[in-house]
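The chain is numbered in sequence order, starting from 1. Nothing here was measured: the structure is a model prediction, and the numbers come from that model.
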Amino acid sequence: MMVFTKTLFHSKIQNLALLLLLFVAISNNASADDGYRLWLKYDRIQNTTISATYSKSFNFIALSGNSDILNNAVKELQTGLTAMLGKPIPIVKTPVINQSGIILTISANGASGDGYSIQMQSGNTVITASKDAGVLYGSFALLRHLRQHLPVEKVVVQSSPKIQLRMLNHWDNPEGPIERGYAGSSLWKWYELPETVDPRYTDYARANASIGINGTVVNNVNASARFLTAEYVHKVAALAGVFRKFGIKTYLSIHFAAPKTLGGLKTSDPLDPEVRKWWIEKTKEIYRIIPDFGGFLVKANSEGEPGPQDYGRTHADGANMLAEALAPFNGVVIWRAFVYKADPNADRFKAAYDEFATLDGKFAKNVIVQVKNGPIDFQPREPFSPLFGNMPRTPLGMEFQLTQEYLGFATHWVYEAPIFKECLDADTYVKGKGSTVATIVDGSLHNYRLTCMAGVANTGSDRNWTGNPMAQANWYAFGRLAWDHTLSPEAIAREWTQLTLTTEPRHVSAISDIMLRSRDIYVDYNTPLGLSRPWTGSHYAPEPWQNRSSRPDWTAIYYHRADSLGLGFDRTATGSNALLQYRPEVGRTWLNAETCPLPYLLWFHHIPWSQKLSSGRNLWDELCHRFYTGADSVLWMQKQWAGVASSIDPAIHSDVTGRLAKQYNEAIWWRDAWVLYLQTFSKKPIPAIYPKPEKTLEEVKKRVDVYLMR
């Protein structure tokens, strides 16, 4: 009798818990959408046919194992299905006879690594993996499938990530600000940690796990030694305690001079025995506090940061010292290749290759050299970095930027998947045709032991995470491409739109169209034909006239080279000869100014103002055409967005509408700044078909000055 009573009691408790979960899910669906849920919106399915079909297929979730990661997989499935179907979904240890449900299994025969398979067996949906993390990823994949209202029977899939380390790099500082952050302050509340752990950390981890991200660097690459103190390692440990439950490892950016600034040594020379000992002991301390710590990210001898070259040592010397300390714990060193010297006669384009190519094969086995996608600095459009393909014995990781440093901050709508994909699909020809950047980064071309793809995060404390709601798509796209770089920007755009905004087919198509055109629209009014703009100042306002800085490559004129003859940076044999860093097949694509694709023309050539281009226009007229049509295309974006209002949450629609209005205003600002400034060199009139700028060049400069004030 007692056993029956306890069983009945626990059954009632479970039913009450399920009803409470259902109530919370319905309440969440009823509230306005503020963007917080990202792409994990488990709203009630309104299509009765689809809902009825899913209800027949999902009546329980069976799990026999027990771990934090598996429990989170089950919790996500239960929360999602309960909300979407409007009915309780119980968790059981064994499948329910005569009912269909979800079975989660760990099997040595499952997909390797973080992979998973989803199959239909005897009416049940079976998610199988060899690791707990694989089950979690498979659970999110199933929910993603259902959120798009796709047939249950078509969910059958086997999927494994192409990249091992799929990570976000946060440029967050200990006081709260985020370098190049445009969505509020840092997510990490350092002064409250480790005692107070914000529930938002769990939602951050959920979002990352849902797209396969398995690593997080929590602090800025311009690192403070503070993060290596015991006090701050315990704070980081509190974050790691949340992240590991979702299969995410935690990493730290380190200050290379820490042995001197923090440890009190006389030097930070990587070949000094006392320095090596200091790092070994510090690393042991970190692993005592964070047993699954991932490793170190390092920015050294770049933009004023300390590094091994301060002592006459190489990047390999510095990286290998840290690798030695991490090796006993299977930790990795991620050494950034973003290094360039302040040389007025050099071409910054060539810097990473010149610094690192000769070091190939000299790095320890647990070192990854992390390379930015382009040779300069996250430009709206860049050729791929020539380092890719030129270090076959050293794992090269990819570094993309999600935060929109040169893409209009959180004001402008720019979908970045085309930028990522353009680089990944670029052919290096290092082993003949088909030697794409993707095959280098995923290790298949050079048999790398370690593979890595990193994205500089665009998250912040804003309620919607990314400032501009549409910027969430860049976080999402990065995760999906890090898992599978064969996915197309088109497919990811439609998928994200359906998960985040609407499933109305016409509106999904309209929004996807905006996303896919947004990057080219931005480039046209910002940096057409291969102009680049990595100068200091505000990073926000147009300033092509900027010619004063502590170093030449932090000025605008260094890059565009405008003069009375023409415009552009000559990187052929008559200029810096940067093309020589690529294989001949690649170099030939850009070598001849007559045949160079227009998107890269000014990257590689100084073109006369009157030279006729393949478009049929001369350079000046083509520039005017791009600047004006680019700015006017924002009006098209506004019209497209207005047309989808009926299926978008009003608060989100209003937010984006306001940002598009600002984007148009600023597109005109960029257009006028460039056209009026370049006109002082070309001495040519703006074609009559375009309206003359309403402001003079001096008036435009004064507006820019506002953004340079302290």
Side-chain angles (χ1 to χ4, degrees), residues 344 347-349 374 376-382 404-409 411-412 414 521-571 598-609 618-631 663 665-686 690 692-709:
D347 180 359
R348 180 168 151 184
F349 187 108
I376 298 291
D377 187 14
F378 299 135
Q379 294 300 284
R381 173 172 278 121
E382 287 191 66
Q404 294 177 212
E405 179 179 0
Y406 297 108
L407 293 170
F409 292 13
T411 303
H412 297 227
V414 181
I521 289 171
Y522 182 88
V523 167
D524 278 347
Y525 66 72
N526 188 275
T527 50
L529 304 181
L531 284 173
S532 60
R533 48 163 293 227
W535 53 82
T536 52
S538 73
H539 274 236
Y540 182 69
E543 203 181 359
W545 47 82
Q546 192 259 346
N547 62 359
R548 293 182 180 179
S549 183
S550 59
R551 49 190 297 166
D553 53 358
W554 287 353
T555 67
I557 62 171
Y558 174 91
Y559 293 95
H560 61 64
R561 308 274 166 129
D563 57 27
S564 61
L565 300 178
L567 181 69
F569 199 126
D570 183 2
R571 291 187 166 100
L598 291 184
Y600 297 103
L601 182 64
L602 300 179
W603 267 104
F604 296 107
H605 300 279
H606 192 77
I607 304 297
W609 296 111
N618 65 36
L619 175 63
W620 171 250
D621 287 349
E622 182 65 25
L623 284 167
C624 289
H625 170 72
R626 299 286 180 125
F627 284 125
Y628 274 86
T629 56
Q663 183 172 348
N665 179 285
E666 292 181 348
I668 298 296
W669 185 24
W670 275 94
R671 179 200 74 188
D672 291 353
W674 271 114
V675 170
L676 291 170
Y677 171 71
L678 294 179
Q679 193 176 35
T680 65
F681 296 98
S682 73
K683 307 299 182 184
K684 292 180 177 294
I686 297 171
Y690 304 122
K692 302 299 183 289
E694 295 181 359
K695 298 182 183 298
T696 66
L697 179 58
E698 291 307 311
E699 288 173 328
V700 172
K701 287 184 176 181
K702 287 181 179 178
R703 181 181 175 187
V704 171
D705 288 343
V706 172
Y707 290 86
L708 302 175
M709 292 179 179

Exercise for the section: Please confirm whether the backbone N or O of Gly408 pairs with a side-chain atom of Tyr522, one donor and one acceptor, at under 3.5 Å? Expected result: yes
Handout entry: Ring centre gap for Tyr525 and Phe627 strictly below 6.0 Å
Key = no
Problem - Ionic contact status for Arg348 with Asp377, cut-off 4.0 Å - result: yes
Exercise for the section: Could you give me the CA-CA distance, side-chain angles and deciding distance for Arg703 and Glu699, then say whether salt bridge (charged side-chain N to carboxylate O under 4.0 Å, His left out) is met? Expected result: CA-CA 7 Å; Arg703 181 181 175 187; Glu699 288 173 328; over 6 Å; no
Handout entry: Salt bridge present between Glu698 and Lys702 (N-O < 4.0 angstrom)
Key = no
Exercise for the section: Kindly say whether Gln663 contributes a backbone atom to a donor-acceptor pair with the side chain of Glu666 at under 3.5 angstrom? Expected result: no
Handout entry: Nearest heavy atoms of Pro599 and Arg381, plus distance in Å
Key = CB-CD, 3.6 Å
Practice task
Go through the steps to decide whether His625 and Tyr690 satisfy the test side-chain contact (heavy atoms from CB on, under 4.5 Å), and finish with yes or no.
Solution key: CA-CA 8 Å; His625 170 72; Tyr690 304 122; 3.1 Å; yes
Handout entry: Donor-acceptor under 3.5 Å (His606 side chain, Gly568 main chain)
Key = yes
Exercise for the section: Flag the pair Phe569 / His560 as yes when their ring centroid distance falls below 6.0 Å, and as no otherwise. Expected result: no
Completion exercise
Separation between CH2 (Trp674) and CG (Leu531), nearest 0.5 Å, reads 4.5 Å
Handout entry: Closest approach of Pro380 to Val523 (non-hydrogen atoms, all atoms of both residues)
Key = CB-CG2, 3.7 Å
Exercise for the section: Answer yes or no: is there an ion pair linking Asp672 with Lys695, defined by an N-O contact shorter than 4.0 Å? Expected result: no
Exercise for the section: Answer yes if the side chains of His605 and Tyr600 hold a donor-acceptor pair under 3.5 Å, and no otherwise. Expected result: no
Exercise for the section: Could you grab the distance from atom CZ of Arg626 to atom CG of Asp524, nearest 0.5 Å is fine? Expected result: 5.5 Å
Problem - Heavy-atom side-chain contact between Leu565 and Pro608 under 4.5 Å - result: no
Exercise for the section: Over all heavy atoms of both residues, which pair between Phe681 and Ala562 is shortest? Give the atoms and the distance, please. Expected result: CE2-O, 3.6 Å
Exercise for the section: Indicate, with yes or no, if the rings of Tyr707 and Tyr540 have centres closer together than 6.0 Å. Expected result: yes
Practice task
For residues Asn526 and Pro528, report the shortest heavy-atom separation together with the two atoms involved.
Solution key: C-CD, 3.7 Å
Practice task
State, yes or no, whether a side-chain contact exists between Arg571 and Asp347 at a heavy-atom distance under 4.5 Å.
Solution key: yes
Problem - Shortest non-hydrogen separation from Leu697 to Ala673 and the atoms involved - result: CD1-O, 4.4 Å
Practice task
Assess whether side-chain contact (heavy atoms from CB on, under 4.5 Å) is satisfied between Leu708 and Glu543, documenting all intermediate values.
Solution key: CA-CA 10 Å; Leu708 302 175; Glu543 203 181 359; 3.4 Å; yes
Fill in the blank from the handout: To the nearest 0.5 Å, atom CG of Asp553 lies from atom OH of Tyr558 at 5.5 Å
Problem - Nearest-0.5 Å distance, CD1 of residue Ile607 to CG of residue Leu623 - result: 10.5 Å
Exercise for the section: Could you check if a side-chain atom of Asp570 sits within less than 4.5 angstrom of a side-chain atom of Phe604, using non-hydrogen atoms only? Expected result: no
Handout entry: Side-chain (Gln546) to main-chain (Ala556) donor-acceptor, under 3.5 angstrom
Key = yes
Exercise for the section: Might you work through the side-chain contact (heavy atoms from CB on, under 4.5 Å) test for Trp609 and Lys683, ending with a clear yes or no? Expected result: CA-CA 9 Å; Trp609 296 111; Lys683 307 299 182 184; over 6 Å; no
Fill in the blank from the handout: Taking every heavy atom of Val704 against every heavy atom of Pro542, the minimum-distance pair comes out as CG2-O, 3.0 Å
Practice task
Just jot down the salt bridge (Lys or Arg N to Asp or Glu O under 4.0 Å) partners of Glu405, sequence neighbours excluded, or say none.
Solution key: Arg180
Handout entry: CD on Gln404 to CZ on Phe378, rounded to 0.5 Å
Key = 13.0 Å
Problem - Rounded distance [0.5 Å steps], OG1 in Thr527 versus CD in Glu382 - result: 10.0 Å
Problem - Non-hydrogen side-chain atoms of Ile557 and Trp545 separated by less than 4.5 Å - result: no
Exercise for the section: Decide if atom NZ of Lys701 counts as having more than 12 heavy atoms of other residues, nucleotides or ligands within a radius under 6.0 Å. Expected result: yes
Exercise for the section: Show the numbers, then the answer: is there a side-chain contact (heavy atoms from CB on, under 4.5 Å) between Leu567 and Arg561? Expected result: CA-CA 6 Å; Leu567 181 69; Arg561 308 274 166 129; over 6 Å; no
Exercise for the section: Check whether any side-chain heavy atom of Val675 sits under 4.5 Å from a side-chain heavy atom of Trp620, and report yes or no. Expected result: yes
Practice task
If the plane angle is over 60° it's perpendicular, under 30° parallel, otherwise tilted; pick one for Phe349 and Trp603.
Solution key: perpendicular
Exercise for the section: Side-chain contact test, heavy atoms from C-beta onward, threshold under 4.5 Å: evaluate it for Leu619 versus Leu529 and give yes or no. Expected result: yes
Handout entry: Lys692 atom NZ, neighbour heavy-atom count above 12 within 6.0 Å
Key = yes
